[in-house]
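Have a look at the structure below before the remarks.
Numbers restart at 1 for each chain; the letters A, B, ... are given by sequence-line order, proteins then strands.
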Protein chains: 2
Amino acid sequence: MDEGWQPRRVAAVAAELPEGVTPAGTRGRILKAALALYAETGFHGTSIRRLADRVGINSATLYSHYPSKEHVLAELVLIGHRELHTRLTDALRRCEADPAAQLAALVRAHVLAHARYPLLAAVTNSELHALAPAQLAPSLELREACRRLMHDVMAQGVADGTFSVPDPTLAAIAIGGMDMQVAQWFGPDQPYPADVVADHYARFALRIVGLDS
Amino acid sequence: MDEGWQPRRVAAVAAELPEGVTPAGTRGRILKAALALYAETGFHGTSIRRLADRVGINSATLYSHYPSKEHVLAELVLIGHRELHTRLTDALRRCEADPAAQLAALVRAHVLAHARYPLLAAVTNSELHALAPAQLAPSLELREACRRLMHDVMAQGVADGTFSVPDPTLAAIAIGGMDMQVAQWFGPDQPYPADVVADHYARFALRIVGLDS
DNA sequence: GTCTATAGCGGGATAGAC
DNA sequence: GTCTATCCCGCTATAGAC
């Protein structure tokens, strides 16, 4: 067998959570440690003991804050989905009403969320499958709501002739996928600032729907 | 605690491996079972016993074919990278010499690889981090070679004025990310045939680099 | 090559003192 | 809330018969 080395799943980024929504005190520290570990080695690859060590408490103490390892993941996944949904709706509310501006705003917000909280995005997207359906349901609703935001903007742009794209559904999927991958490589070890990436990606999205900006 | 239900990480697709490169006999059956299980619940979430059960052999028998659970993953990850690299180089060899045709060919091949073998692509991309560096190295070399294929086509297209894209590196990353996500949703439960997706994505890529096709 | 059996360890979770 | 101590189980991997 091997020693403990493991390649990273994401760039070396500090484990940060959105302000305001993060619980205070030990509960918050557990959440942040779990974010780092789940991102590095996955939910199943992270033991309760390692998580407790990272927090600096005994493993038994974890159970005073969360009833199980899975509940910690559930809270992370929910925070991640809420953060994304909030940012997308805010972006739409603040931008002009035409489909091109709305698409650009959605893509910018989508990319910025993944660049600002890459670990949270990675865990939210690739570890949510470890949750039982009951724990997962609220996050899936938010996910569907996000999908619909993009879908509606796309449909509107096609309907009023702003966009020229043969298959709007596929275009929305492609754009969303392109954005999500940002969480896999964005970090301080690469030269692009977050808003530069967001601007470029917004432009890519506009081009995909047939607008040469 | 909970019973054994787990949401899927990918669409419900049969666990298929590229022909020719798959070992025959029990070794091949182990590989296919591991592909299905690693895709469903991840490397750390899959036990040797469950893997053996799926194959229909005793867990001890696995060790007559692979020295460890990790070696099974290593072979899958290597097969995945080899398949992708082969398809990309073949695509380039068969297409015309201009950058637009080359970009379209690369994207088509990239998408088709992820749509033809979604489980392999998912495992190759999201479980490779469970491998120790020595096991991972050959796959990382292939990965870098693939990245360079795309990079060179992009550079050529920009150099000869075919492409009009402000940041070619970011465009290549965005296109690659868009393609890779196909593995997460493609399957028999959705209406798009693989080559339709590939054609659309190729067109999206051309639009990203400023060509309205 | 395949099995039964088991070693040896680390996992998640709990009891109960402080 | 946090600790020490521990239960019990499932894990990877090995030994040895056939």
Distance in angstrom units between [X] [atom1] and [N] [atom2], rounded:
X	N	atom1	atom2	value
B:Glu70	D:dT12	CD	P	12 Å
B:His44	C:dG12	NE2	C1'	17 Å
A:Asn58	D:dG1	CG	P	16 Å

Practice prompt. Just grab all the salt bridge (Lys or Arg N to Asp or Glu O under 4.0 Å) pairs involving residues 120-133 of chain A, residues at least two apart or on different chains.
Written response: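 Output for this query lists A:Arg9-A:Glu127.
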Worksheet item: B:Tyr63 side chain: which of C:dA15, C:dC3, D:dA13 is closest?
Response: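 Side chain of B:Tyr63 sits closest to D:dA13.
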Discussion item. So if I take every side-chain heavy atom of A:Lys69 and compare against C:dT2, C:dA13, C:dT14, which nucleotide ends up nearest?
Written reply: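 That would be C:dA13.
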Discussion item. Base, sugar-phosphate or nothing for B:Ser47? Non-hydrogen atoms, less than 4.0 Å.
Written reply: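 Sugar-phosphate only.
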ring-ring contact (aromatic ring centres under 6.0 Å, His included) partners of [X], counting only residues at least two apart:
X	value
B:Tyr201	B:Phe204
A:Tyr117	none
B:Phe186	none

Item to complete: Using the test side-chain hydrogen bond (donor to acceptor under 3.5 Å, both in side chains), find all partners of B:Asp90 that sit at least two apart in sequence or belong to another chain.
Response: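 Partners of B:Asp90 by the side-chain hydrogen bond (donor to acceptor under 3.5 Å, both in side chains) criterion, ordered by chain and then number, come out as B:Arg93.
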Worksheet entry | B:Leu119 side chain reached by B:Val10 side chain, heavy atoms, under 4.5 Å |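 Contact flag for B:Val10/B:Leu119 side chains = yes.
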Practice prompt. Output yes when at least one side-chain N/O atom of B:Ser64 is less than 4.0 Å from OP1 or OP2 of C:dT2, else no.
Written response: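 Answer is no, no contact under 4.0 Å.
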Side-chain polar contacts of residues 165-183 of chain B - donor-acceptor pairs under 3.5 angstrom, sequence neighbours left out - could you list them?
| unit_1 | atom_1 | unit_2 | atom_2 | d |
| --- | --- | --- | --- | --- |
| B:Asp167 | OD1 | A:Tyr192 | OH | 2.9 |
| B:Asp167 | OD1 | B:Thr169 | N | 3.2 |
| B:Asp167 | OD1 | B:Leu170 | N | 3.0 |
| B:Asp167 | OD2 | A:Tyr192 | OH | 3.0 |
| B:Asp179 | OD2 | B:His110 | ND1 | 2.9 |

Practice prompt. Go through the structure and list residues passing side-chain contact (heavy atoms from CB on, under 4.5 Å) with B:Ala60, not counting sequence neighbours.
Written response: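 In terms of side-chain contact (heavy atoms from CB on, under 4.5 Å), with neighbours along the sequence ignored, B:Ala60 is linked to B:Asn58.
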Item to complete: Strictly below 4.0 Å, heavy-atom distances to any atom of DNA chain C: list the hits from residues 48-57 of chain A, or just say none.
Response: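 A:Ile48, A:Arg49 - these, ordered by number, are the residues of the stretch whose heavy atoms sit under 4.0 Å from the strand.
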Worksheet entry | Contacting residues from residues 20-33 of chain A, given that a heavy atom lies under 4.0 angstrom of DNA chain C |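 Contacting residues: none.
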